[in-house]
Amino acid sequence: MSRRTFDRALRALPVTQHPRIWPLYLRFARNLPLPETAIRVYRRYLKLSPENAEEYIDYLRSCGKLDEAAVRLAAVVNDESFVSKEGKSNYQLWHELCDLISQNPDKVNSLNVGAIIRGGLTRFTDQLGKLWCSLADYYIRSGHFEKVFDSYAQFEESMIAAKMETTSELGKDEEDLELRLARFEQLIARRPLLLNSVLLRQNPHNVHEWHKRVKLYEGKPRQIINTYTEAVQTVDPMKATGKPSSLWVSFAKFYEENEQLDDARTIFEKATKVNYKQVDDLAGVWCEYGEMELRHENYEQALRILRKATAIPSKKAEYFDVSESVQNRVYKSLKVWSMLADLEESMGTFQSTKAVYDRIIDLRIATPQIIINYAMFLEEHNYFEESFKAYERGIALFRWPNVYDIWNTYLTKFIDRYGGKKLERARDLFEQALDGCPAKFAKTIYLLYAKLEEEFGLARHAMAVYERATQAVDNTERHHMFNIYIKRAAEIYGVTYTRAIYQKAIEVLPDEHSRDMCLRFADMESKLGEIDRGRAIYSYCSQICDPRMTATFWQTWKEFEIRHGNEDTIREMLRIKRSVQATYNTQVNFMSSQMMKATTNATSKNAHTHTRIQTYTHPHLRSLMMNQLISELAELAKQANPDEIDIEDEDGDDEDQGPEGELQHH
């Protein structure tokens with residue numbers, strides 16, 4: 001209401017009377033809780049009285065609107081006709097602008113700060129120091145530390161240029177010029193070190209920057225030692241960025257490289273007492289300590305160091321218990337134990353090495369590889385039963401899939417050791433391994449099991465193992481498993497034994513692999529002279545072969561009939577092909593209509609399409625087809641003279657119940 005009253009007064013009164021209204025209006029606006037209204041009022045006021053811009057700028061600074069304050073102040077500075085009511089010179093206004101924008105880089109976004117200050121450098125040549133400091137202050141507050149250095153370097157360069165000009169004109173002050181040149185050269189040389197100092201002041205716990213600082217002092221051993229000393233004293237492991245243990249290790253290696261082993265050992269000893277954030281940091285220090293002794297062939301000393309690292313502390317703690325110091329938890333570090341085990345194997349005794357491995361297992365920090373290494377170590381020393389016990393201890397520690405490598409190595413080693421001498425024990429081991437074995441890992445174990453039975457057991461047991469394997473392995477490997485089964489069965493019992501295997505494979509494998517099995521089955525029968533059996537297999541397989549997609553199958557059947565059949569059998573093959581083609585066409589049309597319906601009924605989409613897509617490969621249908629094939633092959637086997645059997649007549653008698661008729665019904 002008050003604002004509207006002021007507005008009406010300004011509209012009603014002549015301009016000559018406005019100075020009597022504006023002071024009251026501005027006082028009212030400044031007292032409002034939100035500055036937006038006052039800003040709008042001031043903008044209107046300055047259109048009438050631009051000479052009062054300083055008052056507006058002061059108000060903007062008081063309410064935190066620094067970006068607009070800087071823009072207004074820049075406009076005043078650039079206006080040569082502007083006369084300050086407060087008696088400030090143009091330089092004073094410029095200096096205020098520099099202070100404002102350099103001290104608030106995150107709030108002043110509308111101006112090019114660098115360009116403004118650099119413009120002042122050319123405009124006010126007698127005030128270069130203050131302006132360069134303003135520019136440096138701006139870069140520091142903005143986090144552009146490299147630009148701070150560049151600004152400083154440019155300042156020094158400009159001073160040198162001015163001094164050279166003065167010297168050339170007056171012919172004196174050469175010593176001062178040389179001093180400035182030397183200072184400038186030193187500044188350029190110290191640039192990386194100065195930048196590093198700024199970054200470390202910003203974050204003194206930055207391990208990476210401390211390492212960079214050491215490299216900057218390369219060739220200056222005293223400075224390097226001082227830097228490392230300062231670094232390890234400054235960096236707080238709990239706040240560190242990076243691995244603080246690497247500073248201690250690098251410090252010790254510096255002494256080692258300079259052949260001061262005692263000093264290096266002192267550094268390592270101090271490093272082992274630091275309370276790091278992670279156990280792995282302390283473990284790394286102990287391992288590096290041991291490796292240093294190994295590099296200098298102090299093997300016994302290396303062993304003593306790692307034994308000390310793995311000693312049970314007075315106050316034991318769990319590895320991941322962060323409430324305890326890392327010194328009380330490092331005894332469970334597998335990294336240290338693994339190195340100790342390697343050293344014991346190389347330089348210790350059998351008993352000391354065995355004790356280390358046993359301790360690792362007792363602490364329950366072993367990995368499958370540690371178990372295998374332990375067992376191999378025992379085997380190398382001819383402790384075979386002890387080796388097998390190590391495998392069994394590992395098996396008790398791990399579950400699938402982590403236990404796979406242990407089982408695989410254990411079974412292989414057991415067979416290599418005993419062969420068929422302890423066959424029942426070997427069988428028990430295989431059964432134990434396969435109990436709960438995931439399908440993904442079953443193939444290798446089953447093949448090893450079957451090989452054991454083939455070489456040392458009974459052939460029928462081997463066949464039983466192969467049969468189990470075809471059901472237990474992963475679906476992606478069943479086809480390959482059936483191929484191995486068929487090959488081994490043919491080599492042991494002869495090709496006729498494989499008929500039942502082929503039939504099983506055709507029944508359970510996916511269409512793609514089932515077609516391959518059918519073609520191989522039919523080819524085998526034709527080589528045995530069982531032409532009618534081969535034809536029955538082709539007839540069965542045709543029901544899962546879309547002529548548009550499986551032209552190879554139909555070409556193979558055609559060539560078979562040309563070689564072994566007659567005009568009637570070829571005609572029957574073509575009739576079946578047309579029947580299958582018609583069935584697939586009907587199915588595709590039905591699927592298309594179902595998909596169109598599914599666009600309006602999303603919830604039933606998956607159910608309808610999935611049901612119809614799987615029509616030809618539905619397990620129930622496949623079972624019916626397989627039963628028919630088995631019956632047909634059995635009937636053929638009963639005939640006295642299979643060569644005179646006319647499958648076409650058989651199909652003709654049962655045409656309504658034939659494979660193609662049954663599929664059309666479904």
Side-chain angles (χ1 to χ4, degrees), residues 470 478-479 482-483 485-487 489-490 494-547 549-566 568-580 583 616-617 619 621-639 641-655 657-663:
T470 59
R478 295 185 80 180
H479 178 236
F482 268 112
N483 287 336
Y485 185 13
I486 289 169
K487 179 181 178 182
V495 292
T496 56
Y497 185 88
T498 63
R499 283 171 172 160
I501 305 173
Y502 273 117
Q503 291 173 9
K504 183 66 175 178
I506 292 168
E507 181 179 359
V508 300
L509 289 176
D511 288 355
E512 178 185 0
H513 294 144
S514 182
R515 281 192 290 269
D516 177 63
M517 283 293 177
C518 285
L519 290 172
R520 291 173 56 192
F521 191 10
D523 182 62
M524 184 196 77
E525 294 290 4
S526 63
K527 287 179 180 178
L528 292 174
E530 300 285 355
I531 304 303
D532 290 338
R533 293 176 65 91
R535 184 175 290 116
I537 296 166
Y538 280 121
S539 179
Y540 163 81
C541 186
S542 67
Q543 306 305 306
I544 57 173
C545 295
D546 183 351
M549 306 296 293
T550 56
T552 303
F553 166 78
W554 294 98
Q555 182 62 29
T556 303
W557 191 5
K558 180 180 178 181
E559 292 172 357
F560 169 84
E561 295 296 353
I562 291 172
R563 287 196 305 270
H564 304 292
N566 52 42
D568 291 337
T569 60
I570 294 175
R571 189 180 297 115
E572 176 64 13
M573 182 207 72
L574 295 175
R575 183 190 70 79
I576 293 173
K577 183 177 181 180
R578 288 193 299 272
S579 174
V580 172
T583 305
Y616 265 95
T617 57
L621 177 60
R622 178 74 69 83
S623 180
L624 292 175
M625 293 165 58
M626 179 53 64
N627 289 338
Q628 181 179 347
L629 175 63
I630 293 172
S631 299
E632 192 171 346
L633 294 177
E635 185 65 28
L636 288 171
K638 293 179 182 179
Q639 305 297 325
N641 190 357
D643 293 336
E644 295 181 1
I645 295 176
D646 189 353
I647 293 182
E648 185 177 356
D649 292 340
E650 274 192 68
D651 290 341
D653 295 339
D654 295 323
E655 187 170 346
Q657 285 79 31
E660 65 280 1
E662 188 176 11
L663 282 170

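The model shown is predicted, which means the values in this text are computed figures rather than measured ones.
Partners of F560 according to the ring-ring contact (aromatic ring centres under 6.0 Å, His included) rule, which considers only residues two or more places apart in sequence or in another chain, are Y538, H564. For K558, the side chain to side chain contact (heavy atoms under 4.5 Å, CB included) partners two or more places apart in sequence, or in a different chain, are Q555, I562, M573. For A551, there are no side chain to side chain contact (heavy atoms under 4.5 Å, CB included) partners at least two apart in sequence or on another chain. For R478, there are no side-chain hydrogen bond (donor to acceptor under 3.5 Å, both in side chains) partners at least two apart in sequence or on another chain. R499 is linked by a salt bridge (charged side-chain N to carboxylate O under 4.0 Å, His left out) to E525, counting only residues two or more places apart in sequence or in another chain. Residues passing the side-chain hydrogen bond (donor to acceptor under 3.5 Å, both in side chains) test with H513, sequence neighbours excluded: none.
Taking both residues in full, the closest heavy atoms of D546 and W554 are given as C-NE1, 4.2 Å, listed atom of the first, atom of the second, then distance. Here the shortest heavy-atom pairing between C545 and V580 reads O-CG1, 3.5 Å. Summarising the geometry of I576 relative to S539, their closest heavy-atom pair is CD1-OG, 3.9 Å, with the distance given to 0.1 Å. Across all non-hydrogen atoms, the minimal contact from A489 to T498 is CB-CG2, 4.1 Å.
V508 places a side-chain heavy atom less than 4.5 Å from the side chain of F482.
Rounding to the nearest 0.5 angstrom, the gap separating the CH2 atom in W557 from the CG atom in L574 is 9.0 Å.
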**Request:** Before giving the answer on side-chain contact (heavy atoms from CB on, under 4.5 Å), spell out for I506 and Y540 the whole-Å C-alpha distance, their side-chain angles and the decisive distance to 0.1 Å.
**Result:** CA-CA 10 Å; I506 292 168; Y540 163 81; 3.1 Å; yes
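The only member of R571, R535, K577 that meets salt bridge (charged side-chain N to carboxylate O under 4.0 Å, His left out) when paired with E561 is R535.
Under a 3.5 Å cut-off, the side chain of S579 and the backbone N or O of R575 do not form any donor-acceptor pair.
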For residues 515-523, which side-chain donor-acceptor pairs fall under 3.5 Å, sequence neighbours excluded?
residue	atom	partner	partner atom	Å
R515	NH1	I544	O	2.7
D516	OD2	H479	NE2	3.1
R520	NH1	N483	OD1	2.3
D523	OD2	K527	NZ	3.2

